[in-house]
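Working notes, structure below.
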Amino acid sequence: MTVVEHRSYLDQLTLAPEVRAALEAAPAVIIPATRAELYELTLGPDGGPVFSVDYDVDGEVITEATVTRCRNGAAVNYPEDYMRRRDPKCMVIADDRPTDKDRFADRFGHGFAETRQETLDWLSRQELIVVPFKAGGPTYGSPSIAIVPRNAAFFATALVDLQGWVTFEQLGEFAPRGIVYVAPPFRHTHFDGRQVVVHDRSETLHEIFAYNLYPGPSAKKGVFSILLDIGEQEGWITAHASSVRVTTPYDNETVIMHEGASGGGKSEMCQELRREHDGRILLGTNVVTQEPYLITLSETSDLAPVTDDMTLCHPAVQDGSGKMVVADAEDGWFVRVDNLKNYGEDVHFERAVIHPDEPLIFFSIDGVADATALPWEHTPDSTGKPCPNPRVVIPRRMVKGVVNDPEPVDVRTFGVRMPACTADAPSYGIMGLTHFVPPSIAWLWRLIAPRGDKNPSIGEAADAVKKLEHGGMVSEGVGSYWPFSTGTKVEAANLLLTQITEFTRTRYVLTPNQHVGAYKVGFSAEWLTREWLARKGGGRMRAENLEPARCALFGYAPREITLDGQPVRRTLLRPELQSQVGTAAYDAGCAILTGFFKAELGQYLTDDLDPLGRRIIEACLNDATVEDYEALTPMYL
């Protein structure tokens, strides 16, 4: 294809001399004029049908990815299973600003300056694509750029689809707030084949050096890191959360914001409730007796997604109502489709990705040249099993009923992956279907953010795998956005506590997924909790309808939940009442959970911690009751 360079646009950028020198030395610098032009570059110089993204690594040609031309987009696949999901240890920090993350010098034994210059030198010898974007979305984002090798155009396409298409004409002259550099061969020449993403920060610029082509830790979560860095400096948070406006059959509206570690149900909060072939809803299946528990709902609420994964809690959108107002930090969504197994499971989403307005970018989808890429056909891993982290990048405007304006949040739910718990195999999987908690307990859960077992989104480190295989837990950390933060845990904890205490007209709810005691529930517990909260009118509860949970970290359990006149079994609300669980197994699970919380919370007890935060953590360490927590932070009912 013929492209026009538009290299003159670089004159309107304020860049470091060494960065400008690399761009000036490059044999070509392509600045696509349109998204369509960028997508054409994605398919390679011949336009498909299959394009191999190859690099010379010390004389050996290594294929980092393949791009297959499909009718509805480009299917990107990685030869290595390892490259199909984010490595949780890929982040390293190159600068000297405060951080609790690994520093480059500590991990690799030398400073980053030489590697940084080698990266710029390598880029200066490549044909490059430079794309502008606004980190944080088109409305509230900060002007930034990405510098990508031409043959990795799919990476640039995915990035601008996530952040929104903007042009240099629209931005005018600017100093980038963030720069993403992509140099795939360095994974082999410098980092033993591992995913490494280096963050180099100053007060005005956050540089990200991506040494791999899976966009999760860089184009997606790397931009999240830029937003968290900006927010830490300015005193606000970009939450790791989805949010949805739920309209009941009676036209009552409730906005629910769902947080949780990776795999905790954020994407699922915006998905339709699944029904069986006969229209009933499978709430759960007893793992001991294999008895299914089904309920009937004649009508369910309408869903209007507000945000999918990165949720701006920006000062500019707050209205002083006592409810936190949120907006989407992205213009497109990086949707995991592992739970789509067959046609018809999510009709509206399937229609959007099978018949999109413009071709999409798919990851780990088994695409066939010039056929339609189907979201339930996942690329097999080397084990023969489907990749657990298939993705599609879809512009939010293609999502049915999406809300484009900021929305005030009525209820903040927090999702946790729970293993099965039985009398014969006690575990921490003892959370009931729904729990209301005081803000102090809500803060503690967000400090810990347990990741739970069988997480599909990331490749676990070996030590984490061992813990999870044996029924243990791994903490994802503050607000579940900690894996993407480049700062310090205590500073993040303080910001989160300020946010929670500032917005006083918010209800906080815990909800499990995968299991409730001995019942395998998948995401049905989350979906039915969403339905019930909306029908309650913003989750309103009377105190007399709540009772303290047997485990204080679960706050209060509702005495009953009724949907369409059908009471949900009390054993789903109080798992200790299940005959396959019992109080002894429940108490053993509670001990596992509280022990884990106590072990993780000690690290926050520094002089920099907010005094209220110290009192809350000390309450947990001293086995506080739910009434003790409520005395520290009253509940809004």
Side-chain angles (χ1 to χ4, degrees), residues 258-261 264-265 411-419 421 426-453 471-480 493 496-497 500 507-517 525-526 529 541 546-558 572-577 581 583-605 612-635:
H258 187 74
E259 297 158 272
V411 184
R412 289 177 69 170
T413 55
F414 192 87
V416 188
R417 297 181 74 88
M418 288 283 169
C421 175
S427 77
Y428 60 91
I430 56 171
M431 184 186 290
L433 188 77
T434 304
H435 288 283
F436 286 76
V437 295
S440 51
I441 294 181
W443 181 66
L444 290 179
W445 277 97
R446 284 162 178 77
L447 287 194
I448 304 299
R451 196 155 66 227
D453 57 352
M473 282 176 283
V474 176
S475 171
E476 194 155 277
V478 190
S480 76
L496 185 59
L497 182 58
I500 285 176
R507 297 177 179 92
Y508 292 91
V509 170
L510 305 177
T511 185
N513 63 67
Q514 307 314 310
H515 296 90
V516 174
E526 177 180 315
T529 292
M541 288 292 294
L546 296 173
E547 58 186 355
R550 188 175 178 90
C551 179
L553 288 173
F554 295 144
Y556 294 95
L572 271 293
L573 309 181
R574 300 294 297 263
E576 70 271 23
L577 301 179
V581 180
T583 56
Y586 183 99
D587 291 346
C590 181
I592 294 171
L593 186 69
T594 55
F596 181 71
F597 268 58
K598 290 178 180 180
E600 291 289 329
L601 289 173
Q603 62 187 302
Y604 295 97
L605 294 175
L612 175 59
R614 175 175 290 275
R615 292 197 296 273
I616 295 170
I617 291 175
E618 288 174 345
C620 181
L621 298 178
N622 292 321
D623 297 314
T625 66
V626 64
E627 292 84 1
D628 295 330
Y629 289 112
E630 198 170 359
L632 290 169
T633 54
M635 286 179 65

- Query: Taking only residues two or more places apart in sequence or in another chain, which ones pass salt bridge (charged side-chain N to carboxylate O under 4.0 Å, His left out) with R507?
  - Reply: none
- Message: Do P438 and L632 have side chains that approach each other closer than 4.5 Å (heavy atoms only, starting at C-beta)?
- Response: no
- Query: Taking the side chain from T434 and the backbone from V509, do they hold a donor-acceptor pair closer than 3.5 Å?
  - Reply: no
- Item | Donor-acceptor under 3.5 Å (Y586 side chain, C551 main chain) | yes
- Query: Considering only heavy atoms from C-beta outward, does the side chain of R446 approach that of Y508 to under 4.5 Å?
  - Reply: yes
- Message: Between E630 and I441, is there a side-chain heavy-atom distance shorter than 4.5 Å?
- Response: no
- Under 3.5 Å: donor-acceptor pair, side chain of N513, backbone of A525: no
- Tell me, do D587 and E576 make a side-chain contact under 4.5 Å, heavy atoms counted? no
- Test side-chain contact (heavy atoms from CB on, under 4.5 Å) on W443 and I617 and set out the steps. CA-CA 10 Å; W443 181 66; I617 291 175; 3.9 Å; yes
- S440 side chain to Y629 main-chain N or O, any donor-acceptor pair under 3.5 Å? yes
Pairs of donor and acceptor atoms involving the side chains of residues 618-627, under 3.5 Å and at least two apart or interchain, shall be tabulated with distances.
{"unit_1": "N622", "atom_1": "ND2", "unit_2": "E618", "atom_2": "O", "d": "3.0"}
{"unit_1": "D623", "atom_1": "OD1", "unit_2": "K598", "atom_2": "NZ", "d": "2.6"}
{"unit_1": "D623", "atom_1": "OD2", "unit_2": "K598", "atom_2": "NZ", "d": "3.4"}
{"unit_1": "T625", "atom_1": "OG1", "unit_2": "E627", "atom_2": "N", "d": "3.4"}
{"unit_1": "T625", "atom_1": "OG1", "unit_2": "E627", "atom_2": "OE1", "d": "3.2"}
{"unit_1": "T625", "atom_1": "OG1", "unit_2": "D628", "atom_2": "N", "d": "3.2"}
{"unit_1": "T625", "atom_1": "OG1", "unit_2": "D628", "atom_2": "OD2", "d": "3.1"}

- Item | Donor-acceptor contact present, side-chain W445 to main-chain L553, <3.5 Å | yes
- Task: Please examine the side chains of M541 and Y556, heavy atoms only from C-beta on, and report whether any two atoms are closer than 4.5 Å.
- Result: no
- Query: Do the side chains of E600 and M473 get nearer than 4.5 Å, heavy atoms only?
  - Reply: no
